[in-house]
Participant: 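Let me give you the structure first, and then I'll get to my questions.
One-based numbering along the sequence shown. Computed from a prediction, not measured in an experiment: that's the story for all the values here.
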Amino acid sequence: TTYRTFCNVITSTRQHSYPRQYPPREALEMQQPLSSDGIIRDSSKQVDEENRNATDYRKMENVDPNYPLDDNDDNMSMAASIASSVMTADGIQDTTGFAIVCLVILIGDMSRGVMFPSLWLLVEALGGTGVTQGYTVAAFSFGRILVSPMFGTWSVTHGYTQTLLISCSILLVGTLFYAQAQNVGRPEFLIFAQTLLGIGSGTLGVTRAFVAEVTATRNRTTYMAWITAVQYAGFTVTPFVGAFFNRILQNTDIKFGLIRINMYTAPAYFMSIIVGLTLYMLSKHFQDRTRSQNPKDIKKKSAKRAAIDDHANQMTLVGLSIYDCCIVGCMMLNVSTKGSIGCFETLGISIAESQFGISSTIAGTIVGACGTVGVISLLSMGKLSQFFSDIQLISGGMIVMAIGILSLTAIEEDGNNPSWRYLLSIFMIYSIGYPIGHTAVIGLFSKIVGRRPQGTLLGWFASAGSLARLVFPVVSGYVEHYLGLLALFYILTGVLSVSTVVTLYNQKTLSMLSQ
């Protein structure tokens, strides 16, 4: 009876998150029951086994505020809003919600990936130039800038479901407007449609906040790599679909009143169907979550955490705290990586045709193939993060991107260049440099933000990337038009090189704040 009472006390103590307590071995030996064969067994092993079989992870609402957990415990790095759904330290139990969020991420970037092979041809058909192409691509990012912070705030105040339903509805309207651009016959209308597509896909901050809230800090880079792989597949792998429409509908133009089916409109109608299915999944199968504040969630900081926070709150010469400088620095890294790839998104098809004699269909296929390899690189981020820090992955990714861009400076501007140079450059940028470097930037930013509300800050982070994809394509169009391609390649190489040097110089501070 005494032994059973002792075990009940131990079990009750575990449920309240007290430290494990074991009685002296001598006391246990005095309480050993006889086994069926008459031999005294060591029941301390049995007690230890019971403790090991007890769950290692506890819901936040079960934590006793009188016995707070240490701040370094990653089991606590999740919001109370999802305490009922929940997750382990190595996986997510709400697989349906996670899958639907991945679908939302996918269609957001599919809306430009599927159009990529035919966009330049459509701009030309509407009477546009390379500068017009720059504005058309930038319009997509401009739409994201307009709404990303607002959608991030809505995800905190109104929940994920309402925010995602509104954004996907706007995306559906944008695809239908895009399909009518040829009927209208004005490049300005195409730019307006691209803006609507950007607004509808401006939920990167929302989806990343969802993942950040349901993952432990130590695994966050891996999970961010998963959703980045989905996003990356959206705009680098789906050009296969656009290239397919280019090939089978190259000389086809079917009309049903305002509806026209050809190589320019088929990608838009295809996206309309996919977005409609996503809206159905959101309305029927997505379980909403809202952030709630609970006094039980407040817990004492460890000495290590307090020291890190004190360092982060120190003011710098520019009038910002060290924490604020790191947040701004991560946003600038986002600008460097996204801006560089945005230039290739703008001029990639044009460069392939004018400098290497590669058709738009083949160029789209090359980008799609390299994007597929990039997705594989993203899915291997979990393994890479075991051997390299986020700082090393960021620096390595930007260096590979810089080398890939620099390799194009050896081309002859008369257009007589071997196609392998284009393939090598796109491979280094799309398959290795950007997916690894940019994903590590996202993971580092989320870790530095920590347990603060992620939706709003990740919304601003997404806006910074969208700003880069707005400014860089427009500027690249002007630079290419007035100074030539070589000048553009040297500028992009310089931007990535400076970003790498600054990152390595501040790696100690960045590593400390990301713990």
Side-chain angles (χ1 to χ4, degrees), residues 78-79 81-82 85 87 92 94-113 140-141 143-171 197-215 219-235 238 274-275 277-279 281-283 285-291 334 338 375 378 381 435 438-439 441-443 445-447 449 453-466 469:
M78 57 181 178
S81 59
I82 52 105
S85 82
M87 48 150 291
I92 301 174
D94 187 9
T95 54
T96 301
F98 185 78
I100 293 175
V101 164
C102 287
L103 180 60
V104 173
I105 295 171
L106 179 65
I107 63 171
D109 278 82
M110 274 184 72
S111 58
R112 61 180 173 184
F140 186 94
S141 298
R144 279 188 168 177
I145 291 173
L146 290 178
V147 296
S148 288
M150 181 176 65
F151 281 164
T153 302
W154 284 5
S155 70
V156 177
T157 58
H158 300 292
Y160 292 107
T161 301
Q162 181 178 343
T163 304
L164 295 178
L165 283 173
I166 292 174
S167 66
C168 289
S169 298
I170 297 173
L171 183 60
L197 292 176
I199 292 174
S201 62
T203 54
L204 285 177
V206 178
T207 52
R208 288 170 181 168
F210 177 90
V211 175
E213 287 190 2
V214 300
T215 55
N219 294 325
R220 189 157 300 161
T221 299
T222 300
Y223 285 106
M224 287 296 178
W226 286 13
I227 63 172
T228 304
V230 175
Q231 178 195 358
Y232 196 64
F235 81 90
T238 56
I274 301 299
V275 175
L277 292 175
T278 304
L279 283 169
M281 296 294 291
L282 279 169
S283 60
H285 301 288
F286 188 75
Q287 182 181 0
D288 200 5
R289 292 173 176 80
T290 55
R291 177 180 291 270
N334 189 25
K338 277 204 168 182
V375 171
L378 286 167
M381 283 291 289
H438 180 67
T439 303
V441 171
I442 299 172
F445 181 84
S446 181
K447 291 176 183 178
V449 171
Q454 299 255 351
T456 303
L457 286 173
L458 282 171
W460 282 106
F461 182 84
S463 289
S466 297
R469 276 193 155 151

Participant: Using 0.5 Å steps for rounding, measure from the CG atom of Leu146 to the OG atom of Ser141.
Facilitator: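 The OG atom of Ser141 is 11.0 Å from CG of Leu146, to the nearest 0.5 Å.
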Participant: Search all heavy atoms of Ser111 against all heavy atoms of Phe140 and return the closest pair with its distance.
Facilitator: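 Heavy atoms of Ser111 and Phe140 come nearest at OG-CE1, 3.4 Å.
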Participant: Output the distance between atom CD1 (Ile274) and atom CG (Leu103), rounded to the nearest 0.5 Å.
Facilitator: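 Reported to 0.5 Å precision, the distance equals 8.0 Å.
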Participant: Would you compute the distance between atom CZ of Phe210 and atom CD1 of Ile105 and round it to the nearest 0.5 angstrom?
Facilitator: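 Nearest 0.5 Å value for the CZ-CD1 distance: 9.5 Å.
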Participant: For Gly198 and Arg144, work out which heavy atoms get closest and say how close.
Facilitator: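 Answer, listing the atom of Gly198 first, then Arg144: O-CG, 3.1 Å.
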Participant: Should Thr228 and Pro435 count as side-chain neighbours, where that means a heavy-atom distance under 4.5 Å?
Facilitator: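 Answer no - side chains too far apart.
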Participant: Hey, does Trp226 have a side-chain heavy atom less than 4.5 Å from the side chain of Cys102?
Facilitator: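 With C-beta onward as the side chain, the pair stays apart.
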Participant: Return the CZ to OG1 distance between Phe98 and Thr207, rounded to the nearest 0.5 Å.
Facilitator: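 Taking CZ in Phe98 and OG1 in Thr207, the distance rounds to 10.0 Å.
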Participant: If you look at every heavy atom in Val375 and Ala229, which pair is closest and at what distance?
Facilitator: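 For Val375 and Ala229, the tightest heavy-atom pair comes out as CG2-O, 3.7 Å.
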Participant: Side chain to side chain contact (heavy atoms under 4.5 Å, CB included) with Tyr232: which of Leu378, Leu106, Thr439?
Facilitator: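 The passing option is Leu378.
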Participant: Using a strict cut-off of less than 4.0 Å between a Lys/Arg side-chain nitrogen and an Asp/Glu carboxylate oxygen, indicate whether Asp109 and Lys338 qualify as a salt bridge.
Facilitator: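 No, no charged N to carboxylate O under 4.0 Å.
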Participant: If every non-hydrogen atom of Met281 is compared with every non-hydrogen atom of Ile100, which pair is closest and at what distance?
Facilitator: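 Taking every non-hydrogen atom into account, O-CD1, 3.7 Å.
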Participant: Going by the side chain to side chain contact (heavy atoms under 4.5 Å, CB included) test, name the single residue among Thr163, Val147, Val206, Thr203 that passes it with Trp154.
Facilitator: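 Among Thr163, Val147, Val206, Thr203, the one meeting side chain to side chain contact (heavy atoms under 4.5 Å, CB included) with Trp154 is Thr163.
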Participant: Would you check if Leu204 and Phe151 make a side-chain contact, meaning some heavy-atom pair closer than 4.5 Å?
Facilitator: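 SC-SC contact between Leu204 and Phe151 ruled out.
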Participant: With the side chain counted from C-beta on, respond yes when Ile442 and Phe461 share a heavy-atom pair under 4.5 Å apart, and no when they do not.
Facilitator: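 A side-chain contact under 4.5 Å exists here.
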Participant: Looking at Gly200 and Ile170, what are the two nearest heavy atoms and their distance?
Facilitator: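 Taking every non-hydrogen atom into account, N-CG2, 3.9 Å.
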Participant: Can a donor-acceptor pair be found, under 3.5 Å and without considering hydrogens, that links the side chain of Ser155 to the backbone of Gly152?
Facilitator: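 Checking the backbone N and O of Gly152 against the side chain of Ser155, a donor-acceptor pair under 3.5 Å is found.
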Participant: Roughly how far, to the nearest 0.5 Å, is the CG atom of Leu282 from the CG atom of Leu277?
Facilitator: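 Between atom CG of Leu277 and atom CG of Leu282 there are 11.5 Å.
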Participant: Taking all non-hydrogen atoms of both residues into account, name the closest pair between Arg208 and Ile227 and its distance.
Facilitator: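 That would be CG-CD1, 3.8 Å.
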Participant: Looking at Val441, is its backbone amide N or carbonyl O close enough to the side chain of Asn334 to form a donor-acceptor pair, meaning the two atoms are under 3.5 Å apart?
Facilitator: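 Between the backbone of Val441 and the side chain of Asn334 there is no qualifying donor-acceptor contact (under 3.5 Å).
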Participant: Using 0.5 Å steps for rounding, measure from the CH2 atom of Trp460 to the CD1 atom of Ile145.
Facilitator: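 The CD1 atom of Ile145 is 10.0 Å from CH2 of Trp460, to the nearest 0.5 Å.
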